[in-house]
There are 2 protein chains.
Amino acid sequence: METEEKILAAAKEIFIQKGYAAARMQEIADKAEINKGLLHYYFKNKDKLFSAVFMEAFHKFAPRINKIFESDFPLFEKIESFVDEYMDILLENPNIPKFVIHEMNQKPEEFINTIMNNKDRPNPMKLIVQVQSEVQKGNIREINPLQLVINMISMCVFPFVASPLFKSILQMDKTTYLQFMQLRKKEVSSFIIESIRVKNE
Amino acid sequence: METEEKILAAAKEIFIQKGYAAARMQEIADKAEINKGLLHYYFKNKDKLFSAVFMEAFHKFAPRINKIFESDFPLFEKIESFVDEYMDILLENPNIPKFVIHEMNQKPEEFINTIMNNKDRPNPMKLIVQVQSEVQKGNIREINPLQLVINMISMCVFPFVASPLFKSILQMDKTTYLQFMQLRKKEVSSFIIESIRVKNE
DNA sequence: GTCTATAGGTAGATAGAC
DNA sequence: GTCTATCTACCTATAGAC
């Protein structure tokens, strides 16, 4: 493993765990098993190292999400595969959302400028249009497509962001909670579909 | 305004904005328009000052939420009033969730010990039992009550936690986004109710 | 109670030997 | 490229005058 990779891996771990402000260059160096001076040789300063980590985390997520947003599935299938794929990513990386959310709230303008001008930026437009079209055709009930998308994302991500709270309320340890999240995939997609499909009464 | 209150108000603002690690005692003193030494006279150290702020934020939220969890409304009304009241609290304090979530993730054990042994701890048991009973009576479709509660909380809170992201995707400024959140109250409660009510087909 | 001054410690960053 | 040593700045916390 190359030095630069070792540094990135260590930095990723520390930054995700502690956030930018509380992370220490010394701790990153220790974890990478190199000297502190060498950090500055590869990444001029803390900011640059952080940016590298942040962008890597972002690029790990964004394309996989957008692939689904932009797929050609019928609506219900798209919702199912969105929830499935999104929660799989989260189960693989349960701590990244906390990290991204905290840091984007620290510097919202910077976040918007760097992320939202990126080719991989989150882009649910195609899904929104699709929902609108299904509403017009009468295939699903009337619903604001923007709110629907927010509902979908919220139900997937929030349980990972607030995991200590939910684990404590539900009295689950880490493993049990992750199993519960596995089951949740099915629950969430059927929760959404049940809400929007038309009912005869 | 008493000195102690001035300090608490200033500390609250700074801690919520920057988080514990990035907050500076000097900045708090400046905002409170007092001297830095005086901070340590009233609150022995940064930790103690932080705890005071954190607990205040927590006690502002928890009882109002629990009041609804434990109310005697029929289920659908309870869901509506939960979403309404919860999102009103969030609209009044849009930055507190980010703050609480970040800090509870920093020290999960401490959070659980201090918060979850508190009389005001989040307690959705009564709602969970109520959902279970309505399922058994056949008044709503079969659903895991725990997942339902998580869905409710997630859809209310997450849009405030991830506001920079959503504002940017939806191209809304702060005011427009808050108006959008006002409208959201109705959308979320009907989204939930539509999902769980029984359908004849 | 409120201030000033400063101690004491720590973090990011640089210089320079190898 | 990698290390050690050190500089400089900053931050929390305390001491002590008023």
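Below, chain A is the first sequence line, B the second, and so on; all start at residue 1.
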For the residue pair A:K167 and A:F180, would you count it as a cation-pi contact if the rule is NZ or CZ under 6.0 angstrom from the ring centre and within 45 degrees of the ring axis? no

Flag this pair as yes if the NZ/CZ of B:K46 is under 6.0 angstrom from the six-membered ring centre of B:Y20 and inside a 45 degree cone about the axis; otherwise no. yes

Quick check: A:F50 with A:F99 (ring centres under 6.0 Å apart)? yes

Would you confirm whether the ring centroid of B:F43 sits within less than 6.0 angstrom of the ring centroid of B:F15? no

Counting the atoms with a prime plus P, OP1 and OP2 as sugar-phosphate, which does A:N45 contact under 4.0 Å by heavy atoms, base, sugar-phosphate, or nothing? sugar-phosphate

By the 4.0 Å heavy-atom rule, please label B:A23 as base, sugar-phosphate, or nothing. sugar-phosphate

Counting side-chain heavy atoms from CB outward, which of C:dT14, C:dA13, C:dC3 is closest to B:I34? C:dC3

A:N35 side chain: which of D:dT4, D:dA13, D:dT2 is closest? D:dT4

For [X] and [N], what is the distance between atoms [atom1] and [atom2] respectively, to the nearest whole Å?
| X | N | atom1 | atom2 | result |
| --- | --- | --- | --- | --- |
| B:E2 | C:dT2 | CD | P | 9 Å |
| B:Y42 | D:dT14 | OH | P | 17 Å |
| A:D30 | D:dC3 | CG | C1' | 14 Å |
| A:K48 | C:dT14 | NZ | P | 10 Å |
| B:L39 | C:dT2 | CG | C1' | 12 Å |
| A:L38 | D:dA5 | CG | P | 16 Å |
| B:M25 | C:dT6 | CE | P | 21 Å |
| A:E27 | C:dA11 | CD | P | 9 Å |

For [N], take OP1 and OP2 only and decide whether either is under 4.0 Å from a side-chain N or O of [X].
| X | N | value |
| --- | --- | --- |
| B:T3 | C:dG1 | no |
| A:Y41 | C:dT14 | no |
| B:R24 | D:dC10 | no |
| B:H40 | D:dT14 | no |

Ion pair B:K137/B:E134, N-O distance below 4.0 Å: yes

